[in-house]
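Just so you know, these numbers come straight off a predicted model, no measurement behind them. Here is how names work: the chains are called A, B, and so on, in the same order as the sequence lines, proteins then strands, and each is numbered from 1.
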Amino acid sequence: MKFTPEQVKRYARHIILPEVGGKGQEKLLGAKVLLLGAGGLGSPLALYLAAAGIGNLGIIDFDVVDNSNLQRQIIHSTADIGRLKVDSARDGINGLNPDVKVTTYNTRLDSTNVLDIFKEWDIIADGCDNFPTRYLVNDACVLLGKTNVHGSIFRFEGQVTVFKSPEGPCYRCMYPEPPPPGMVPSCQEAGVLGVLPGVVGNLQAVEVIKQILGIGEPLVGKLLLYDALKAETRKLKVRKDPKCPICGEHKTITKLIDYEQFCGVPIGHEG
Amino acid sequence: MKLVVNGEAREFDRVENVAQLVKSLGGDVKFFSVALNGEFVPRGDYEKTKLGEGDDIEIVTPFPGG
């Protein structure tokens with residue numbers, strides 16, 4: 001790939017880094033990353049990945065921008081209230097970097113569409129807001145062998161990890177079953193510090209870029225916990241569970257299941 | 001036995017393995033995951049995973065939010 005003079009200037013601070021360089025920037029421009037949700041985590045992910053020159057970004061969201069989103073979902077502006085989040089996010093990305101080809105999916109992810117959508121992408125960045133979708137995304141990524149860069153938040157705390165199937169553990173190795181409905185309240189019910197998804201989404205963005213460039217130590221088999229109030233982080237090791245129903249030695253899940261029934265809440269239902 | 005649970009030192013009676021610890025914490029084993037000395041314990045290994053004086057326990061709950 002030959003960079004245009006504008007690109008050489010735009011990505012100069014990357015190209016000068018030996019760990020990135022011109023070759024690395026080419027990889028970023030050729031990468032295909034799908035963002036699940038254009039919300040709290042999706043906003044910083046979209047903006048920083050766009051700025052970094054990820055050449056192809058997909059965004060899935062079925063929601064419209066609401067006034068109550070703007071405390072944390074920084075890709076959307078006040079003028080975007082009432083617009084589809086995917087449209088608003090696409091404009092935010094292309095306003096920042098016209099190099100990025102954006103594909104939007106104004107749809108609810110479910111068992112009928114997930115495999116067709118995911119197969120087009122290299123890396124999935126999960127910033128969704130409910131348990132049925134978390135398990136759906138996990139199972140789809142394991143079945144397709146896609147890397148899932150996971151971020152999740154609650155009030156003042158966040159979790160980040162990279163599920164890289166088949167070598168690393170999956171979401172079910174960590175959390176075999178969802179908590180019962182209502183036990184872990186959603187952000188809507190429990191509140192969330194607006195800046196928290198900024199921190200956690202950017203930790204995800206770093207892991208996405210490390211995966212594309214193949215640099216550093218990825219969070220594969222490691223769960224990073226972030227506690228904003230204590231200003232503390234902790235890394236926990238996670239091994240592949242040989243008894244995992246989808247990635248273990250004796251698989252009992254070989255295709256997508258009914259995730260609403262599994263979690264006891266409708267898909268897309270927050271919490 | 002003294003254990004450190006989510007950063008807090010606590011005293012436990014008759015707790016020898018992870019399954020007993022989870023029970024004494026009053027939670028159903030299904031509701032959260034347990035890391036012992038910085039490493040997740042697979043759900044099926046709770047009974048056989050013995051605890052020792054001063055072990056560091058992290059109770060981890062999944063977050064739905066994004």
Side-chain angles (χ1 to χ4, degrees), chain A residues 36-37 39-42 126-134 150-155 157-159 169 171 173-180 183-188 190 192 196-197 200-201 204 221 223 225 227 230 232 234-244 248 263 265 269-271, chain B:
Chain A
L36 308 186
L41 296 172
D126 184 359
C128 78
D129 62 5
N130 63 87
F131 285 121
T133 308
R134 296 278 182 194
H150 168 101
S152 53
I153 52 172
F154 183 69
R155 288 183 173 150
E157 293 175 73
Q159 300 183 1
Y171 191 63
C173 296
M174 262 173 30
Y175 302 122
E177 289 163 275
M183 199 198 100
V184 184
S186 68
C187 291
Q188 196 181 343
V192 61
L196 177 76
V200 175
Q204 276 180 282
L223 176 69
L225 306 175
D227 184 329
K230 291 184 185 157
E232 275 178 4
R234 177 153 201 212
K235 253 192 304 191
L236 301 173
K237 279 188 206 157
V238 189
R239 289 218 194 107
K240 254 175 101 88
D241 183 357
K243 296 193 190 95
C244 176
C263 296
V265 287
H269 177 272
E270 284 198 20
Chain B
M1 173 164 41
K2 192 180 279 178
L3 299 170
V4 180
V5 180
N6 289 20
E8 191 188 331
R10 293 172 60 175
E11 195 68 41
F12 291 88
D13 287 332
R14 288 189 292 275
V15 165
E16 287 167 11
N17 61 40
V18 172
Q20 290 167 345
L21 171 72
V22 168
K23 208 173 167 195
S24 80
L25 288 170
D28 189 306
V29 102
K30 287 181 184 173
F31 297 179
F32 47 72
S33 295
V34 179
L36 169 61
N37 297 325
E39 189 160 342
F40 267 71
V41 182
R43 184 76 45 96
D45 293 352
Y46 283 8
E47 290 279 348
K48 69 176 181 195
T49 304
K50 303 276 180 233
L51 296 172
E53 186 70 24
D55 271 349
D56 177 24
I57 306 292
E58 191 82 27
I59 302 295
V60 191
T61 311
F63 301 152

Leu223(A) versus chain B, heavy atoms under 4.5 Å apart: side chain, backbone, both or neither? side chain
Which atom pairs, one a donor and one an acceptor, fall under 3.5 Å between side chains of residues 56-66 of chain B and the rest of the protein, sequence neighbours left out?
| from | atom 1 | to | atom 2 | distance (Å) |
| --- | --- | --- | --- | --- |
| Asp56(B) | OD2 | Arg234(A) | NH1 | 3.3 |
| Asp56(B) | OD2 | Arg234(A) | NH2 | 2.6 |
| Glu58(B) | OE1 | Arg234(A) | NH1 | 2.6 |

Could you check whether atom NZ of Lys50(B) has more than 12 heavy atoms from other residues, nucleotides or ligands sitting under 6.0 Å from it? yes
Is it true that atom CD of Glu39(B) has more than 12 heavy atoms of other residues, nucleotides or ligands lying nearer than 6.0 Å? yes
Measure Leu225(A) against the heavy atoms of chain B and call it side chain, backbone, both or neither at under 4.5 Å. side chain
What residue in Gly158(A), Pro197(A), Pro169(A), Pro242(A) has the most heavy-atom pairs under 4.5 Å with chain B? Gly158(A)
Considering only heavy atoms and a distance below 4.5 Å, find which of Asp126(A), Val200(A), Leu196(A), Asp241(A) pairs most often with chain B. Asp241(A)
Looking only at Pro176(A), Cys173(A), Gly37(A), the option with the highest number of non-hydrogen pairs under 4.5 Å against chain B is Pro176(A)
Report the option among Lys230(A), Lys243(A), Gln159(A), Arg155(A) that has the most heavy-atom pairs separated by less than 4.5 Å from atoms of chain B. Gln159(A)
Between Glu157(A) and chain B, which part of the residue has a heavy atom less than 4.5 Å away: side chain, backbone, both or neither? both
